[in-house]
Amino acid sequence: DTSVTGVQTVLFRSRTPPAAGQTLGTLYSISQQPLNQNSQLVKGIDFEASYRTPLDAINDSWSGNLTLRAVANKTLNDAINTGTITIDRAGDNGASVPSWSSTFYVNYDNGPIRASWSGRYISAGHVDNTYIECQTNCPAVIPAGFTTIDNNHVDSNFTQDVTLAYRFMENGGSNAEVFLTINNLM
């Protein structure tokens, strides 16, 4: 027969068939093995849109190409079950993923010249979803796996990068380009 004891182990007992007059057979082995009861369920929605056009389609005197792209993710839940408690880590910016994240791109290219901008947004959230925020009147009993903190808030964040590039050699399969990138521009 098989019985589960505790949360982290499984106990297997094996018996021989009972002899005449016995209700249980003879116990001949016991083995205890670790059991991974952890599980994780992640749900979210991904969004993506892009657009590319030659600029002379907008105005005859303009040249080059313009590319716009946006990618976003809405995390609905990130539930982690340890076998004893379930913690939803969605919006837990310190230990998991934010509720919303997105990246935007704008790219201009005209012959050997390329300029691009990207922006990344991360929504406000918590430092850790296992922290209970309180300054006064904190709970007398803190659930296992949780702790108290006076401020469990993380502000939203938006960062930008810019790149300027010049392709000075393009010869069949051989290309050379020089570029300047500034990351985390205010």
Side-chain angles (χ1 to χ4, degrees), residues 36 38-82 85-135 142 145-186:
N36 183 358
N38 292 351
S39 65
Q40 183 173 12
L41 176 64
V42 179
K43 290 183 181 179
I45 303 169
D46 295 326
F47 303 91
E48 182 172 356
S50 61
Y51 178 75
R52 180 176 171 92
T53 186
L55 289 176
D56 62 3
I58 298 171
N59 187 320
D60 290 338
S61 65
W62 294 352
S63 61
N65 297 299
L66 178 67
T67 304
L68 306 172
R69 184 171 181 231
V71 179
N73 173 270
K74 169 63 175 157
T75 303
L76 300 172
N77 67 358
D78 182 7
I80 298 172
N81 183 332
T82 65
I85 61 172
T86 300
I87 300 168
D88 188 358
R89 293 268 186 197
D92 186 340
N93 293 9
S96 186
V97 294
S99 294
W100 278 100
S101 63
S102 56
T103 306
F104 308 96
Y105 305 93
V106 176
N107 188 62
Y108 168 77
D109 64 269
N110 188 359
I113 298 170
R114 179 174 49 90
S116 60
W117 170 89
S118 65
R120 288 177 305 283
Y121 170 78
I122 296 174
S123 64
H126 296 109
V127 174
D128 192 311
N129 284 352
T130 63
Y131 292 169
I132 299 169
E133 184 174 334
C134 63
Q135 289 87 24
I142 308 297
F146 288 79
T147 189
T148 60
I149 189 171
D150 64 344
N151 183 3
N152 194 21
H153 179 76
V154 176
D155 290 334
S156 63
N157 185 19
F158 185 77
T159 58
Q160 304 175 71
D161 303 334
V162 292
T163 299
L164 301 173
Y166 181 76
R167 189 174 48 252
F168 59 88
M169 185 178 90
E170 188 170 358
N171 185 9
S174 300
N175 298 316
E177 179 180 76
V178 62
F179 63 91
L180 169 68
T181 298
I182 302 172
N183 290 323
N184 298 324
L185 188 69
M186 301 200 327

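Any value given below was found using the heavy atoms of this structure, including those in side chains, with hydrogens, waters and symmetry copies removed. Residue numbers count from 1 along this sequence.
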Atom pair [atom1] ([X]) and [atom2] ([Y]), whose distance is rounded to the nearest 0.5 Å:
| X | Y | atom1 | atom2 | value |
| --- | --- | --- | --- | --- |
| N107 | Y105 | CG | OH | 11.0 Å |
| I132 | T148 | CD1 | OG1 | 7.5 Å |
| Y166 | I113 | OH | CD1 | 7.0 Å |

Please tell me if the side chains of [X] and [Y] come closer than 4.5 Å, counting only heavy atoms from C-beta onward.
| X | Y | value |
| --- | --- | --- |
| S99 | K74 | yes |
| T103 | R69 | no |
| V106 | L66 | yes |

Could you go through Q160 and I182, starting from their C-alpha distance and side-chain angles, then the distance that decides it, and tell me whether this counts as side chain to side chain contact (heavy atoms under 4.5 Å, CB included)? CA-CA 9 Å; Q160 304 175 71; I182 302 172; over 6 Å; no
Output yes when a side-chain donor or acceptor of [X] lies under 3.5 Å from a complementary backbone atom of [Y], and no otherwise.
| X | Y | value |
| --- | --- | --- |
| N93 | S123 | yes |
| N129 | D88 | yes |
| N152 | V127 | yes |
| N77 | V42 | no |

So, using side-chain hydrogen bond (donor to acceptor under 3.5 Å, both in side chains) as the criterion, who are the partners of D92 when residues are at least two apart?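 So D92 forms a side-chain hydrogen bond (donor to acceptor under 3.5 Å, both in side chains) with R89.
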Closest approach of H153 to E133 (non-hydrogen atoms, all atoms of both residues):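 Residues H153 and E133, closest heavy atoms: N-OE1, 4.3 Å.
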Looking at every heavy atom in both F179 and A165, which two are closest together, and how far apart are they?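 Scanning both residues, the minimum pair turns out to be CB-CB, 3.7 Å.
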Check the pair R52 / T67 against side chain to side chain donor-acceptor pair (under 3.5 Å), numbers first and verdict last. CA-CA 4 Å; R52 180 176 171 92; T67 304; 2.8 Å; yes
Under 3.5 Å side-chain donor-acceptor pair for N73 and T75: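 Side-chain D/A pair, N73 to T75: present.
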Can you say whether the rings of F158 and F104 are parallel (under 30°), tilted (30 to 60°) or perpendicular (over 60°)?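 Plane angle between 30° and 60°, so tilted.
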Would you mind checking if D109 and R167 are paired as a salt bridge, meaning a charged N to carboxylate O distance below 4.0 Å?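 No, no charged N to carboxylate O under 4.0 Å.
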